[in-house]
Engineer: 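Dumping the structure here so I can ask a few things about it.
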Amino acid sequence: MADWFNLPTFDQLINFGSRQFLDWAVSNFYVLSLVFIRFSGLMTTGPVLGQTIVPFRARFVLILALTTVVGPLMINGSTRQFVRFDQDLNGYLTANEVPPHLMGRWKRLAERFENSDTEGVPVSSFRVLASIPKQSSELGLMVASEFALGMALGFGALIVLSGLQLGGQIIDQQLGLEFGSIINPELGGAASITSNAFFLIGGLAVLLLEPIGGHMQLLQTVVESFDALPVGHVTLPETLPLLFSELVHKSLLLGVQVSAPVLAAMSLVSVCMGYLGHSVPQFNQLVVGFPMRAAVGLMVLTVTLSGLPRLLIDAVPEAIWQVQSAVLV
């Protein structure tokens with residue numbers, strides 16, 4: 001028995017098993033790390049989830065929990081998440097069976113199969129293995145791509161909420177409340193009272209979006225991105241900067257829509273103040289005009305504040321859908 005343990009073949013078997021186990025562990029750790037990084041990108045820029053009001057430890061635990069749930073499906077290029085789309089259970093996915101977020105990847109795979117129009121694309125073709133890059137530059141590029149993808153999926157909704165900051169800033173300039181600016185840690189700078197209040201109301205509206213909260217829509221978008229863009233095979237489209245510029249334009253439009261009632265009321269107050277100043281020279285515009293502008297502006301803001309969540313209910317899901325369509329399709 002002692003001679004059998006001293007055989008060279010046994011040592012070679014032990015070394016081979018150790019190398020196989022080490023390669024398996026490193027490969028799984030690589031996949032789980034990329035999944036963790038993609039969720040981290042969302043937690044950096046996503047509204048509500050990426051705000052500093054959420055403790056860092058809570059965000060870390062949430063990312064770790066999501067990685068634990070989603071990560072095992074990405075290991076070894078599992079196709080279990082694609083089988084549920086096969087309605088007729090024939091092992092093929094047709095264009096009618098593929099969800100919208102997976103259509104781009106289905107079209108790329110359909111080009112390899114001549115009979116994809118009739119039978120569809122085999123489910124097994126969606127199995128993709130994530131190989132570890134041999135060079136550190138390739139590894140850094142892959143990590144940056146995963147993190148940028150997560151940031152892009154959450155940045156679209158954040159741009160929309162930034163429009164509320166602009167609207168609140170315009171309102172405070174008209175009411176004379178900008179002197180009471182406070183520090184907003186979310187933006188890393190000063191923010192007026194109304195803009196900060198609008199940002200908090202916007203975050204609450206995102207949480208209460210129907211049928212599920214906006215934070216759940218963002219998490220769902222990231223989970224669906226693993227089907228369209230497998231781990232280790234992320235490529236960001238060239239049209240993404242153009243999309244963000246379009247979202248900034250919509251954000252500016254949202255800020256103007258929010259502040260438009262107050263701007264219209266302040267215009268009427270300014271006209272009235274000017275008329276009284278010329279008709280009644282004893283009228284002190286500096287003493288009476290400032291509290292009157294503030295009172296009228298706050299009154300109009302109170303009446304129109306109920307329409308603010310309605311604007312976000314329409315704008316935030318649309319922004320999430322646009323970024324998802326541009327990145328995943």
Side-chain angles (χ1 to χ4, degrees), residues 30-74 81 99-102 104-105 130 140-163 185-188 199 202-209 211-237 240-241 243-244 247-248 251 312 315-329:
Y30 170 71
V31 173
L32 294 177
S33 299
L34 293 183
V35 174
F36 184 89
I37 291 172
R38 187 178 299 191
F39 280 114
S40 300
L42 175 65
M43 298 298 176
T44 303
T45 60
V48 180
L49 297 176
Q51 295 179 8
T52 55
I53 193 174
V54 180
F56 175 78
R57 293 182 180 179
R59 283 184 284 176
F60 179 82
V61 172
L62 179 59
I63 297 172
L64 190 62
L66 293 172
T67 304
T68 305
V69 175
V70 179
L73 297 177
M74 305 297 111
Q81 62 269 31
H101 72 274
L102 202 59
R105 186 180 179 188
L141 180 61
M142 184 55 57
V143 171
S145 300
E146 293 285 346
F147 189 78
L149 176 59
M151 289 184 62
L153 294 176
F155 191 60
L158 182 63
I159 291 177
V160 175
L161 292 182
S162 299
E186 305 298 337
L187 299 178
F199 191 83
L204 181 61
V206 169
L207 291 174
L208 298 178
L209 285 177
I212 58 177
H215 60 298
M216 296 301 297
Q217 293 183 17
L218 290 173
L219 292 178
Q220 181 181 0
T221 302
V222 177
V223 173
E224 292 177 350
S225 69
F226 289 105
D227 295 339
L229 297 174
V231 175
H233 298 80
V234 175
T235 54
L236 296 178
L240 193 60
L243 173 63
F244 283 150
L247 290 177
V248 170
S251 177
L312 291 176
V316 172
E318 182 181 358
I320 296 175
W321 179 82
Q322 287 182 343
V323 176
Q324 183 184 16
S325 300
V327 174
L328 305 185
V329 179

Engineer: Within the distance-only criterion (no hydrogens, no angle test), does the side chain of Gln324 pair as donor or acceptor with the backbone N or O of Leu153 below 3.5 angstrom?
Structural biologist: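 No, the answer is negative, given that no donor and acceptor are paired below the 3.5 Å cut-off.
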
Engineer: Once you round to the nearest 0.5 Å, how far does CE of Met43 lie from CD1 of Ile63?
Structural biologist: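 Going from the CE atom of Met43 to the CD1 atom of Ile63 covers 5.0 Å.
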
Engineer: List the atom of Pro72, the atom of Thr67, and the distance in Å for their closest heavy-atom pair.
Structural biologist: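 Residues Pro72 and Thr67, closest heavy atoms: CD-O, 3.8 Å.
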
Engineer: So, taking the atom named CG in Leu236 and the one named CE in Met151, what distance separates them when rounded to the nearest 0.5 Å?
Structural biologist: 11.0 Å

Engineer: Which pair of heavy atoms, one from Gly154 and one from Pro47, lies closest together, and at what distance?
Structural biologist: O-CD, 3.5 Å

Engineer: Do the rings of Phe60 and Phe36 sit parallel, tilted or perpendicular, given the 30° and 60° boundaries?
Structural biologist: perpendicular

Engineer: Indicate the atoms forming the closest heavy-atom contact of Gly156 with Val323, along with that distance.
Structural biologist: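 Nearest pair, atom of Gly156 first, then Val323: CA-CG2, 3.9 Å.
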
Engineer: Have a look at Ser145 and tell me which of Leu229, Leu34, Val234, Ile37 forms a side-chain contact (heavy atoms from CB on, under 4.5 Å) with it.
Structural biologist: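 With Ser145 as partner, side-chain contact (heavy atoms from CB on, under 4.5 Å) holds for just one option, Val234.
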
Engineer: Roughly how far apart are Thr68 OG1 and Leu32 CG, rounded to 0.5 Å?
Structural biologist: 8.0 Å

Engineer: If you measure from CZ on Phe39 to CG on Leu64, what distance do you get to the nearest 0.5 Å?
Structural biologist: 11.5 Å

Engineer: Identify the two heavy atoms, one from Ile159 and one from Ser251, that lie closest to each other, and give their separation to 0.1 Å.
Structural biologist: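 Looking at all heavy atoms of both residues, the closest pair is O-OG, 2.8 Å.
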
Engineer: Heavy atoms, side chains only, cut-off 4.5 Å: are Leu49 and Arg59 in contact?
Structural biologist: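 Not touching, per the 4.5 Å side-chain cut-off.
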
Engineer: Any donor and acceptor pair, going by atom type alone, linking the side chain of Arg38 with main-chain N or O of Val222 inside 3.5 Å?
Structural biologist: no

Engineer: Can you measure from CG (Leu219) to CD (Glu224) and round to the nearest 0.5 angstrom?
Structural biologist: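 Answer for the CG-CD pair, Leu219 versus Glu224, is 11.5 Å.
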
Engineer: Could you walk me through whether Val231 and Glu146 pass the side-chain contact (heavy atoms from CB on, under 4.5 Å) test, one step at a time?
Structural biologist: CA-CA 8 Å; Val231 175; Glu146 293 285 346; 4.3 Å; yes

Engineer: Minimum heavy-atom separation for Ala228 to Arg105, with atom names?
Structural biologist: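 Scanning both residues completely, I find the closest heavy atoms to be O-CD, 3.6 Å.
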
Engineer: To check you understand the geometry: which heavy-atom pair defines the closest contact between Ser40 and Thr44, and what is its length?
Structural biologist: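 In terms of heavy atoms, the two residues are closest at O-OG1, 2.7 Å.
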
